[in-house]
Amino acid sequence: MDHYDILIIGGGAAGVSAARAASGRRVLLADRGPALGGVLLQCTHRGFGNNQTGPEYMEHLLRDFPESVELALNTTVLSVSPEKTALLSGREFGRREVSFDHLILAAGCREIPAGALPIGGTRPEGVYTAGQMQALMNLRGYVPEGPAVILGSGDLGLIMAKHLAEAGLEVTLVEKKDSCGGMARNRRCLSEYPIRLLCGDTLAVLHGEKKLSGCTTAKGVYLPCKSLLIAVGLRPEQELIAHLAQPEWLTLCGNCRQVHPMVEAVVQEGKQAGAAVKKAIEVCL
Ligand SMILES: Cc1cc2nc3c(=O)[nH]c(=O)nc-3n(C[C@H](O)[C@H](O)[C@H](O)COP(=O)(O)OP(=O)(O)OC[C@H]3O[C@@H](n4cnc5c(N)ncnc54)[C@H](O)[C@@H]3O)c2cc1C
């Protein structure tokens with residue numbers, strides 16, 4: 001079984017920053033995607049670092065990336081054991097168990113899906129999470145059918161509202177709070193595009209058998225729509241370590257520790273995690 005000083009799970013901004021800071025030790029960085037970058041790769045809007053797009057920002061993070069860090073791309077970490085081993089499975093990597101001294105979990109976060117919400121009706125074709133639609137549009141050139149409704153007016157909901165409006169769709173945002181969430185720069189789309197905002201309301205029922213035809217809000221407003229994007233929140237992805245009792249060899253960083261709206265905080269946390277783990281190893285030598 002191959003042994004690593006540090007196994008890093010997740011090659012987004014957090015994992016890449018941790019790997020850079022930990023280089024010099026034997027580090028394996030695993031990501032289930034075909035390239036490093038995580039969610040940044042689908043964020044083609046500007047607003048990262050020095051007003052860069054997500055992929056541009058990632059390119060900058062990867063400049064002079066240390067060759068000593070071993071990469072396992074297209075590789076999913078299936079499990080982590082209390083005995084400090086992990087089971088990995090990937091196209092090039094195969095199915096292999098590795099052992100490690102330290103684990104840095106940088107697995108990002110996951111979206112809350114429609115199925116987790118108390119909305120009546122069926123789940124017809126046309127219901128997506130906002131992040132799924134962002135990946136479909138930005139990575140695959142897909143344009144959904146309008147009109148569209150977005151549930152949730154946080155940053156992701158607003159970014160997607162702008163994106164859909166730019167694609168020519170009629171968009172309604174439904175927000176259960178009394179005012180719109182999100183950062184001021186993302187709220188700007190509300191004055192720049194004819195996006196309708198319904199605050200103090202939520203979705204109660206979806207309509208349509210095979211395909212979505214509309215939805216009704218809790219206050220009884222009927223909204224005809226062919227696409228619905230759920231943007232009600234993100235949860236840190238901690239499933240792999242849920243059975244572990246916070247061992248001292250485990251460090252979490254980035255969105256899998258806590259969801260961060262700005263990438264700089266994620267990078268900083270990744271750097272700190274990598275440097276602290278490297279230092280802990282070197283002190284013990
Ligand atoms: C839609 C959206 C828009 C944003 N817009 C901005 C913005 O304009 N400006 C800004 O500063 N910030 C923005 N952010 C925030 C910032 O981009 C993110 O917080 C940051 O990129 C998250 O980095 P991360 O490494 O924690 O997670 P991620 O980028 O999600 O990386 C996690 C990685 O872990 C991998 N992974 C997970 N589980 C496993 C497993 N079991 N095995 C192998 N690999 C695994 C995933 O494939 C993924 O590549 C945005 C975020 C989102 C979601």
Side-chain angles (χ1 to χ4, degrees), residues 7-20 28-58 60-62 71-80 86-91 93 98 103-112 129-139 150 152 154-163 182-186 188-189 229 231 233-242 252-271 273-274:
L7 169 64
I8 302 177
I9 304 175
V16 163
S17 306
R20 294 189 79 104
L28 177 65
L29 174 58
D31 196 290
R32 64 182 164 214
L36 294 175
V39 77
L40 285 176
L41 300 180
Q42 69 183 62
C43 294
T44 51
H45 59 279
R46 297 201 170 270
F48 295 84
N50 190 15
N51 205 27
Q52 292 157 305
T53 63
E56 283 168 359
Y57 187 82
M58 196 61 210
H60 146 85
L61 269 190
L62 283 173
L71 293 182
L73 293 175
N74 290 311
T75 301
T76 301
V77 180
L78 299 174
S79 61
V80 175
L87 182 61
L88 282 70
S89 175
R91 228 178 278 162
F93 199 81
V98 300
L103 174 67
I104 297 182
L105 188 69
C109 56
R110 67 164 71 167
E111 294 178 282
I112 297 172
T129 63
Q132 269 170 355
M133 182 52 73
Q134 187 181 50
L136 283 172
M137 292 180 80
N138 294 347
L139 304 179
I150 301 179
D155 287 315
L156 187 47
L158 289 166
I159 286 168
M160 289 312 295
K162 179 176 176 198
H163 209 14
M183 292 186 270
R185 69 174 194 208
N186 290 328
R188 222 176 292 142
C189 69
L229 273 55
L234 303 164
R235 280 196 197 125
E237 177 60 82
Q238 299 181 354
E239 207 172 294
L240 272 177
I241 51 133
L252 275 66
C253 63
N255 281 357
C256 85
R257 193 184 73 78
Q258 184 195 328
V259 177
H260 298 275
M262 299 299 288
V263 72
E264 283 80 4
V266 169
V267 167
Q268 195 51 31
E269 226 177 78
K271 273 187 195 165

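One-based numbering, in listed order, for ligands and for the atoms of each.
- Pairing each heavy atom of A130 with each of A231, the nearest pair is CB-CB, 3.8 Å.
- Of the protein's non-hydrogen atoms, the one nearest atom 11 (O) of ligand 1 is V263 N, 2.8 Å.
- In plain terms, the two heavy atoms of C256 and P236 that are nearest each other are O-CB, 3.2 Å.
- Neither the backbone nor the side chain of C253 comes within 4.0 Å of ligand 1, counting heavy atoms alone.
- At a 4.0 Å heavy-atom cut-off, ligand 1 does not touch R110 at all.
- Among the atoms of V77, some N or O lies under 3.5 angstrom from an N or O of ligand 1.
- For a threshold of 3.5 Å applied to N or O pairs, the pair formed by V39 and ligand 1 contains at least one separation below that value.
- Protein heavy atom in closest approach to atom 31 (O) of ligand 1: G12 CA, 3.5 Å.
- Residue-level proximity to ligand 1 for C43 is carried by the side chain, the only part with a heavy atom below 4.0 angstrom.
- Below 3.5 Å of separation, one finds no N or O of R46 facing any N or O of ligand 1.
- The backbone of A106, and not its side chain, has at least one atom closer than 4.0 Å to an atom of ligand 1 (non-hydrogen atoms only; backbone = N, CA, C, O).
- Checked by distance only, ligand 1 and P261 come closer than 3.5 Å through their nitrogen or oxygen atoms.
- Here the closest heavy-atom approach between residue A72 and residue F93 is recorded as CB-CD1, 3.6 Å.
- Residue L78 holds its CG atom at 7.0 Å from CG of L88, rounded to the nearest 0.5 Å.
- Close contacts of ligand 1 with G254, meaning ligand atoms under 4.0 Å from a residue heavy atom, involve 26 (O).
- Residue H260 places at least one N or O, backbone or side chain, under 3.5 Å from an N or O of ligand 1.
- If you look at Q42 next to ligand 1, there are no close heavy atoms at all, none under 4.0 Å.
- The shortest heavy-atom contact between A13 and V263 is CB-CG2, 3.8 Å.
- With sequence neighbours excluded, the residues that form a salt bridge (Lys or Arg N to Asp or Glu O under 4.0 Å) with R257 are E269.
- Taking atom 37 (C) of ligand 1 as the reference point, the nearest protein heavy-atom neighbour is A107 O, 3.3 Å.
- Counting only heavy atoms from C-beta outward, the side chains of H60 and N50 never approach each other to under 4.5 Å.
- Ranking protein heavy atoms by distance to atom 1 (C) of ligand 1, first place goes to L156 CD1, 2.9 Å.
- Atoms CG and CD, from L234 and Q258 in turn, are 12.5 Å apart once rounded to the nearest 0.5 Å.
- In terms of the salt bridge (Lys or Arg N to Asp or Glu O under 4.0 Å) criterion, residue partners of R110 (sequence neighbours excluded) are, by chain and number, E237, E239.
- For ligand 1, the polar-atom distance check against A14 finds a nitrogen or oxygen pair separated by under 3.5 Å.
- Of the N or O atoms in G10, none lie within a sub-3.5 Å distance of an N or O in ligand 1.
- The shortest contact between atom 4 (C) of ligand 1 and any protein heavy atom is with F48 CZ, 3.9 Å.
- Against a heavy-atom cut-off of under 4.0 Å, L240 is close to the following atoms of ligand 1: 41 (N).
- Side-chain contact check for Q268 versus M262: every heavy-atom pair is 4.5 Å or farther apart.
- L252 is listed as a side-chain neighbour of I241, based on a closest heavy-atom distance under 4.5 Å.
- If you check which protein heavy atom lies closest to atom 47 (O) of ligand 1, you get D31 OD1, 3.0 Å.
- The nearest heavy-atom contact from the protein to atom 38 (N) of ligand 1 is R32 NH1, 3.5 Å.
- Among M160, E239, R185, the residue whose heavy atom lies nearest to atom 8 (O) of ligand 1 is R185.
- Nearest protein neighbour of atom 19 (O) of ligand 1, counting heavy atoms only, is N255 ND2, 3.0 Å.
- At least one side-chain heavy atom of N74 sits under 4.5 Å from a side-chain heavy atom of P34.
- The NE2 atom of H260 sits 8.5 Å away from atom SG of C253, with the distance rounded to the nearest 0.5 Å.
- Contacts with ligand 1 closer than 4.0 Å are made by side-chain heavy atoms of V266 only, the backbone lying farther away.
- Of the inter-residue distances, the one linking I9 atom CD1 with T76 atom OG1 reads 10.5 Å to the nearest 0.5 angstrom.
- Close N/O approach between A13 and ligand 1 is found [any backbone or side-chain N/O within under 3.5 Å].
- Proximity to G38 (heavy-atom distance under 4.0 Å) selects the following atoms of ligand 1: 29 (O), 31 (O), 48 (C), 49 (O).
- Of all atoms in ligand 1, listed by their number and element, those nearer than 4.0 Å to a heavy atom of L40 are 17 (O), 21 (O).
- Residue contacts with ligand 1 for T75 involve N, CA, C or O but no side-chain atom from C-beta outward (heavy atoms, distance under 4.0 Å).
- Closest of all the heavy-atom pairs between I150 and G157 is CD1-O, 3.7 Å.
- For the pair R20/K271, no side-chain contact is recorded, criterion being any heavy-atom separation below 4.5 Å from C-beta on.
- A pairwise comparison of heavy atoms in H45 and I159 identifies NE2-CD1, 3.7 Å as the closest pair.
- At a heavy-atom cutoff of 4.0 Å, ligand 1 is contacted by the side chain of Q134 but not by its backbone.
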